[in-house]
Amino acid sequence: MNNKLDRPFIFFSDLDGTLLDHQTYSHAPAREALDALRANHIELILASSKTAAEIAPLRRDIGFEHCEAIVENGAGLLLSGSLEKSSNEYYQRLLDVLTELPAIYRGHFTGFSQWEAAEISQLTGLTLNAAKLSKARQFSEPGLWSGSDDELEGFRSFLKNEGIIAQRGGRFLTLSFGGRKVDQMQKIIDRHRANGVDPFCVALGDAPNDIAMLEAADLGIIIPNSSHSGINELPGEATGKIIRATFTGPEGWNDAVLNVLR
């Protein structure tokens, strides 16, 4: 199925709070739209703070194992096909920096590496097995910040001097040595263009760490999420380059994707 500009579609989508329900992590309400994408041979690139170990089985379950996926907030890329084991060298370097945090910040950030899978399960609502997969990190450290906004700015400045960025998602503050969802998105688009294909890109997301991806797409779709502060009005909304879905979570995702395809 092509759009009115006769350019093939490619969809980029966040997971938690977007394609997946914020509370239950179910994608069932989006089944009709997922079926439509597969039936029309349209690529769906999952883009999430989740690990490759988490995304690989989900990608297989929804029938898009042939597509790449953006993992750990853009710090890494999961190739199509089966999950390949790779080094966690970057993650260990990140943890080494965190052990050297000044005392003023040390007690205010608590990350996945400090929690048992059972604690992550309780915090997130993930099953115990899914929580274990979320600890199989290679590039980034999500966590909770308990300090003030001023202290957070100091924390970010300290991390920046170490080459680490902090991105705010729906639930967690995620630290990494760089790489954003939009950076990986652009690499994928560039590869398509190098092969003579100029795709019409649609991006869907619900949280601040999705904004750059939404703004870079030909069409950005904000999925409402009442569980957090969401996304403030963006400049692209005035021109229709960015729109807001009518419903939350996978219901909103389903409705929005079907409307685009129609």
Side-chain angles (χ1 to χ4, degrees), residues 1-3 5-16 18-20 27 30 33-34 36-87 90 137-140 165 167 169 174 176-223 234 236 241-242 253 256-257 260-261:
M1 181 181 295
N2 290 346
N3 58 43
L5 301 179
D6 200 32
R7 295 164 59 194
F9 282 118
I10 181 169
F11 283 73
F12 293 83
S13 178
D14 174 56
L15 288 176
D16 294 355
T18 301
L19 175 56
L20 304 181
H27 57 78
L34 289 168
L37 292 177
R38 286 195 307 272
N40 289 285
H41 309 290
I42 296 171
E43 286 187 71
L44 172 61
I45 309 295
L46 304 179
S48 172
S49 60
K50 290 182 180 296
T51 65
E54 291 176 277
I55 290 179
L58 171 64
R59 183 179 64 174
R60 182 176 60 248
D61 183 45
I62 63 175
F64 289 90
E65 194 173 19
H66 58 289
C67 298
E68 296 169 290
I70 298 167
V71 305
E72 298 192 41
N73 257 342
L77 189 67
L78 175 62
L79 301 180
S80 59
S82 59
L83 176 62
E84 297 179 5
K85 293 183 178 179
S86 59
S87 169
Y90 289 104
R137 313 204 70 80
Q138 297 171 285
F139 307 103
S140 64
I165 63 171
Q167 299 184 74
T174 300
S176 75
F177 283 107
R180 302 172 299 162
K181 292 180 182 182
V182 69
D183 299 326
Q184 298 290 358
M185 171 183 169
Q186 193 58 57
K187 289 178 183 178
I188 293 170
I189 294 170
D190 289 345
R191 284 200 296 274
H192 279 77
R193 288 174 177 164
N195 291 324
V197 177
D198 183 23
F200 185 92
C201 298
V202 181
L204 302 99
D206 74 300
N209 63 335
D210 297 315
I211 290 175
M213 185 173 71
L214 295 169
E215 292 182 325
D218 292 294
L219 176 65
I221 303 175
I222 299 171
I223 304 296
L234 300 177
K241 187 174 184 290
I242 296 176
W253 195 96
V257 170
V260 171
L261 297 183

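The basis for the numbers below is simple: all heavy atoms, side chains too, and nothing from hydrogens, waters or symmetry mates. Computed from a predicted model, the values in this text were never measured in an experiment.
- No side-chain heavy atom of V257 sits under 4.5 Å from any side-chain heavy atom of L34.
- Of the inter-residue distances, the one linking H66 atom NE2 with R60 atom CZ reads 14.5 Å to the nearest 0.5 angstrom.
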Verdict with reasoning, I188 to R191, per side-chain contact (heavy atoms from CB on, under 4.5 Å): CA-CA 5 Å; I188 293 170; R191 284 200 296 274; 3.5 Å; yes

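- Expressed to the nearest 0.5 Å, how far OG1 of T174 lies from CZ of R137 amounts to 7.0 Å.
- The two atoms that bring L44 and S13 nearest to each other are CD1-CB, 4.0 Å, heavy atoms only.
- The side-chain heavy atoms of I62 and L19, taken from C-beta on, include a pair separated by under 4.5 Å.
- With a 4.5 Å cut-off on side-chain heavy atoms, D206 and W253 do not count as touching.
- A donor-acceptor pair under 3.5 Å is formed between the side chain of E72 and the backbone N or O of S140.
- Counting only distance, with no hydrogens or angles, the side chain of R59 and the backbone of A52 share no donor-acceptor pair below 3.5 Å.
- Considering CD1 of I222 and OG1 of T18, their distance stands at 10.5 Å, rounded to 0.5 Å.
- In this structure, the side chain to side chain contact (heavy atoms under 4.5 Å, CB included) partners of E215, at least two apart in sequence or on a different chain, are I211, L234, P235, I242.
- In this structure, CD1 in I70 is found 8.0 Å from NZ in K181, a value given to the nearest 0.5 Å.
- In this structure Y90 satisfies the ring pair (Phe, Tyr, Trp, His ring centres under 6.0 Å) test with no other residue, sequence neighbours excluded.
- Note that CG of D198 is 11.5 Å distant from CG of D6, once rounded to the nearest 0.5 Å.
- The CG atom of N73 sits 4.5 Å away from the CG atom of N209 when rounded to the nearest 0.5 Å.
- I42 is not listed as a side-chain neighbour of P8, based on a closest heavy-atom distance of 4.5 Å or more.
- Under the 4.0 Å criterion applied to side-chain N and carboxylate O atoms, E68 and K187 are not assigned as salt-bridge partners.
- Between L58 and H27 the shortest side-chain heavy-atom distance falls below 4.5 Å.
- Between F200 and L219 the shortest side-chain heavy-atom distance falls below 4.5 Å.
- Here the shortest heavy-atom pairing between F12 and C201 reads CE1-SG, 4.1 Å.
- Across all non-hydrogen atoms, the minimal contact from D218 to K241 is O-CG, 3.7 Å.
- When all heavy atoms are compared, the tightest approach of Q167 to G179 is NE2-O, 3.6 Å.
- Two residues are said to be in side-chain contact when any heavy atoms from C-beta on lie closer than 4.5 Å; I55 and S48 meet this criterion.
- Of all non-hydrogen atoms in P199 and R193, the two that sit nearest each other are CD-CG, 4.5 Å.
- For the pair F9/L261, a side-chain contact is recorded, criterion being any heavy-atom separation below 4.5 Å from C-beta on.
- Under a 3.5 Å cut-off, the side chain of E43 and the backbone N or O of I10 do not form any donor-acceptor pair.
- Remark: D183 engages R180 in a salt bridge, criterion side-chain N to carboxylate O under 4.0 Å.
- When every heavy atom of I45 is checked against every heavy atom of C67, the shortest pair comes out as CD1-CB, 4.1 Å.
- In this view, S49 satisfies the side chain to side chain donor-acceptor pair (under 3.5 Å) rule with no residue, not counting sequence neighbours.
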Quick one, V182 with Q186, criterion side-chain contact (heavy atoms from CB on, under 4.5 Å). Give me CA distance, side-chain angles, the key distance, then yes/no. CA-CA 6 Å; V182 69; Q186 193 58 57; 5.6 Å; no

